[in-house]
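The structure appears below as structure tokens.
This one's a predicted model, so the numbers in the text were calculated from it and none came from an experiment. The figures here come from the full heavy-atom set of this structure, side chains too, leaving out hydrogens, waters and symmetry mates.
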Amino acid sequence: MNAAEWRFPISKRKRGQQRRELIVPLCRQALEILRVLKPITGNSQYVFPNLRKSTEPMSDCALNGALRIMGIPKDMMTSHGFRAMARNILAENLKILSEIIELQLGHAVKDPNGTAYNRTAFLDDRRDMMQKWADYLDGLKAEILR
């Protein structure tokens with residue numbers, strides 16, 4: 001975590017892509033949350049492990065179940081829906097280029113020369129995007145708490 005980023009293998013579904021690793025830049029807010037959680041999570045591989053099998057991450061079903069417990073129906077939001085929501089807000093409200101967003105989501109970026117030649121990572125742009133996203137969310141939180 002010293003590099004303020006997470007690196008992990010891209011899922012098997014996406015293995016046809018050139019990149020084998022997804023890099024997730026961590027904003028200041030994420031680093032602070034991880035610092036606070038460290039005494040709770042200890043040296044676990046996962047920040048949010050599966051309750052039944054701690055060697056696995058929390059499942060989408062658990063996240064969706066938490067949304068239902070909070071009274072959010074499945075036709076309103078799912079855990080995967082947060083990705084789509086972020087993608088749209090980043091593009092429309094924060095004016096982030098779609099190829100940077102798609103790279104961050106682990107998607108193949110369309111390139112006229114084909115993905116075989118496209119090895120761009122735009123890591124600095126993605127760091128900037130993740131910080132802007134966190135600041136945007138902090139702004140929404142501040143408005144709600146007023």
Side-chain angles (χ1 to χ4, degrees), residues 1-41 44-51 56-146:
M1 192 167 58
N2 292 336
E5 63 189 33
W6 275 339
R7 292 173 176 254
F8 54 92
I10 289 179
S11 72
K12 291 178 183 160
R13 291 179 305 197
K14 299 182 183 207
R15 289 270 160 114
Q17 298 177 14
Q18 222 33 42
R19 286 177 193 77
R20 300 280 184 230
E21 181 179 61
L22 181 63
I23 303 168
V24 179
L26 300 172
C27 61
R28 290 186 317 273
Q29 294 89 328
L31 291 170
E32 178 60 18
I33 290 167
L34 291 172
R35 187 189 66 72
V36 170
L37 286 174
K38 182 70 174 165
I40 298 166
T41 60
S44 173
Q45 180 180 1
Y46 300 105
V47 177
F48 300 107
N50 187 303
L51 289 177
E56 305 224 353
M58 182 183 288
S59 71
D60 284 346
C61 290
L63 295 171
N64 286 330
L67 290 170
R68 304 301 86 80
I69 289 169
M70 290 186 278
I72 302 169
K74 63 181 163 188
D75 63 341
M76 183 181 290
M77 181 56 84
T78 64
S79 60
H80 195 75
F82 285 106
R83 288 170 58 99
M85 179 184 65
R87 197 247 175 266
N88 291 331
I89 293 171
L90 286 164
E92 289 186 17
N93 295 35
L94 301 179
K95 309 299 184 210
I96 304 293
L97 295 174
S98 63
E99 50 264 347
I100 294 168
I101 300 167
E102 295 300 321
L103 276 168
Q104 189 55 49
L105 292 172
H107 297 163
V109 174
K110 305 292 183 217
D111 186 295
N113 297 317
T115 55
Y117 298 104
N118 188 351
R119 297 208 183 13
T120 56
F122 295 106
L123 199 51
D124 288 339
D125 293 317
R126 289 167 44 213
R127 278 190 185 93
D128 183 54
M129 175 186 70
M130 297 301 279
Q131 188 59 57
K132 284 179 180 174
W133 176 244
D135 293 342
Y136 175 83
L137 294 175
D138 277 351
L140 291 178
K141 179 180 164 186
E143 282 181 35
I144 290 170
L145 296 177
R146 278 187 212 166

Would you give the length of the straight line joining atom [atom1] of [X] to atom [atom2] of [Y], rounded to the nearest 0.5 angstrom?
{"X": "Ile96", "Y": "Asp125", "atom1": "CD1", "atom2": "CG", "answer": "8.5 Å"}
{"X": "Leu105", "Y": "Ser98", "atom1": "CG", "atom2": "OG", "answer": "11.0 Å"}
{"X": "Arg83", "Y": "Asn88", "atom1": "CZ", "atom2": "CG", "answer": "12.5 Å"}
{"X": "Arg126", "Y": "Glu99", "atom1": "CZ", "atom2": "CD", "answer": "12.5 Å"}
{"X": "Leu137", "Y": "Gln29", "atom1": "CG", "atom2": "CD", "answer": "8.5 Å"}
{"X": "Leu26", "Y": "Gln131", "atom1": "CG", "atom2": "CD", "answer": "10.5 Å"}

Next on the checklist: Test of understanding: with salt bridge (Lys or Arg N to Asp or Glu O under 4.0 Å), list the residues that count as partners of Arg87, not counting sequence neighbours.
Outcome noted: Glu102
Next on the checklist: Surrounding OH of Tyr46 (heavy atoms of other residues, nucleotides or ligands, distance under 6.0 Å), is the total greater than 12?
Outcome noted: yes
Item to check | Heavy-atom neighbours of Leu51 CG exceed 12 at 6.0 Å | outcome: no
Checklist entry - What do the steps show when you test Leu123 against Glu5 for side chain to side chain contact (heavy atoms under 4.5 Å, CB included), and what is the final call? => result CA-CA 10 Å; Leu123 199 51; Glu5 63 189 33; 4.0 Å; yes
Item to check | Partners passing side chain to side chain contact (heavy atoms under 4.5 Å, CB included) against Ile89 (at least two apart in sequence or in another chain) | outcome: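 Checked Ile89 against side chain to side chain contact (heavy atoms under 4.5 Å, CB included); matches are Met85, Asn93, Trp133, Tyr136.
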Checklist entry - Salt bridge between Arg146 and Glu143, side-chain N to carboxylate O under 4.0 Å? => result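 Salt bridge flag = no for Glu143 with Arg146.
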Checklist entry - Are the charged groups of Asp135 and Lys132 less than 4.0 angstrom apart, N to O? => result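 The answer is no: the pair does not qualify as a salt bridge.
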Checklist outcome for this item: Here the pair of heavy atoms bringing Met130 nearest to Pro25 is CG-O, 3.7 Å
Checklist outcome for this item: Taking every heavy atom of Leu103 against every heavy atom of Leu22, the minimum-distance pair comes out as O-CD1, 3.7 Å
Next on the checklist: Given 3.5 Å as the limit, does a donor-acceptor pair link the side chain of Thr41 with the main chain of Ser44, or not?
Outcome noted: no
Give every donor-acceptor pair under 3.5 Å between a side-chain atom in residues 57-68 and any protein atom, sequence neighbours left out.
unit_1: Ser59; atom_1: OG; unit_2: Cys61; atom_2: N; d: 3.3
unit_1: Ser59; atom_1: OG; unit_2: Ala62; atom_2: N; d: 3.1
unit_1: Asn64; atom_1: OD1; unit_2: Ser79; atom_2: N; d: 2.6
unit_1: Asn64; atom_1: OD1; unit_2: Ser79; atom_2: OG; d: 3.3
unit_1: Asn64; atom_1: ND2; unit_2: Asp60; atom_2: O; d: 3.3
unit_1: Arg68; atom_1: NE; unit_2: Ile72; atom_2: O; d: 2.7
unit_1: Arg68; atom_1: NH1; unit_2: Asn64; atom_2: O; d: 3.4
unit_1: Arg68; atom_1: NH2; unit_2: Ile72; atom_2: O; d: 3.1
unit_1: Arg68; atom_1: NH2; unit_2: Met77; atom_2: O; d: 2.4

